[in-house]
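All of these numbers come straight from a predicted model, not from anything done at the bench. As the structure lists them, so they are numbered: ligands from 1, and atoms in each ligand from 1. Hydrogens, waters and symmetry mates play no part in the numbers below; they use all other heavy atoms, side chains included.
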Amino acid sequence: MKKDTSNKSERDIIKYISNLFRFPADSPVINGIGDDCAVLRKDGKSCFLVTTDTLVESVHFELAWHPPFLLGRKTGAVNLSDIAAMGGQPRFALLNMAFPGSAPSWLDDFLAGFHEILQEYGTLLVGGDTVKSSNDLSITVTIIGEAAEDIICYRSGAVKDDLVFVSGFLGDAAAGLALCQSGLSSHGLGQWQQLIKAHLDPQPQVQLGKILAESGLVHAMMDISDGLATDLAHICAESGTAAEVIKEDLPVSGQMTAAAGKLEKPVLDWALKGGEDYQLLFTVSPDHEEDLCNLVHEKTGQQIFCIGKIIEGQGVFLSDTLQREEVSFQGYDHFTAWKS
Ligand SMILES: [Mg+2]
């Protein structure tokens, strides 16, 4: 019987599709729909990681403020980030583009940016497709990566009492987008440089993802694309747990706090719901917290931030000294879209 998928959330639609397409027990699919990448058995030791993402003009990007070179970089970055989220090394890319009318004049700049970011992460473009679209311009990238089967980190590995970590500031990209939308980005770019860069040219955490996965200390991991409130809820749902996030421990930048003041937006909305930060979100046993922080600092010089812990139950809760509220899945959803 056909089911009505109208008015469904992005999550419901993905679940519906995944129920329609199941795998035989002897297939090489270790993990299909529902994580950052599909995980496919390559040989006795290693796996292919496969991810794909589509960017649509006016939904994911605006050429009014997004330079084509940086758009090319971002198109690659958002896919590379999904490989990072499972601890893999990206290897190959496919690029599909649909243009209304003929190829746009900015295509060369876009491709130069795309080429640059693939080179930075040792990834080769090996195919794709270009077609005419009747309406919107859209760009789809698929990336194939690789990882040893025993180091891959899934969303489903979190256990009670794990500490929840993020790899960097939350909400910078949402603040950068809001500044671009408001027209403020063109005045005083220097003042907001970190935020504008977070929106226009995010950095996939490929090196850190590999270090975390290879450490063997991380239980669950994903990247933050739709906002902490939604992405941590995915980890909880897949792991059969809940999480408690401490409001004052959320890492927010000085520039983001200043931009929130300037635009009269709540800091917390950007940090929790903004999305597109492409930081890593991961859980670790409290017994290994110190070892992991030391390892990351030693290998990258980077600080990681503990924002809460995994608890029994369902959902994601945000706490401060006065109250506790559920914030599960309050991030970006394409079909019930959160608006800034
Ligand atoms: Mg992801």
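- Side-chain contact annotation: Ser253 with Asp172, donor-acceptor N/O pair under 3.5 Å present.
- Between the Asn79 side chain and the Thr142 main chain, no donor and acceptor come within less than 3.5 Å of each other.
- Among the heteroatoms counted here (N, O or S) of Asp223, OD1 is the one nearest to the Mg ion (ligand 1).
- Note on Asp36: its N/O/S atom closest to the Mg ion (ligand 1) is OD2.
- Looking only at its N/O/S atoms, Asp82 has OD1 as the one nearest to the Mg ion (ligand 1).
- The shortest heavy-atom contact between Ile224 and Asp231 is CA-OD2, 3.2 Å.
- Using a distance-only test at 3.5 Å, with no hydrogens or angles considered, no donor-acceptor pair links the side chain of Ser239 to the main chain of Thr241.
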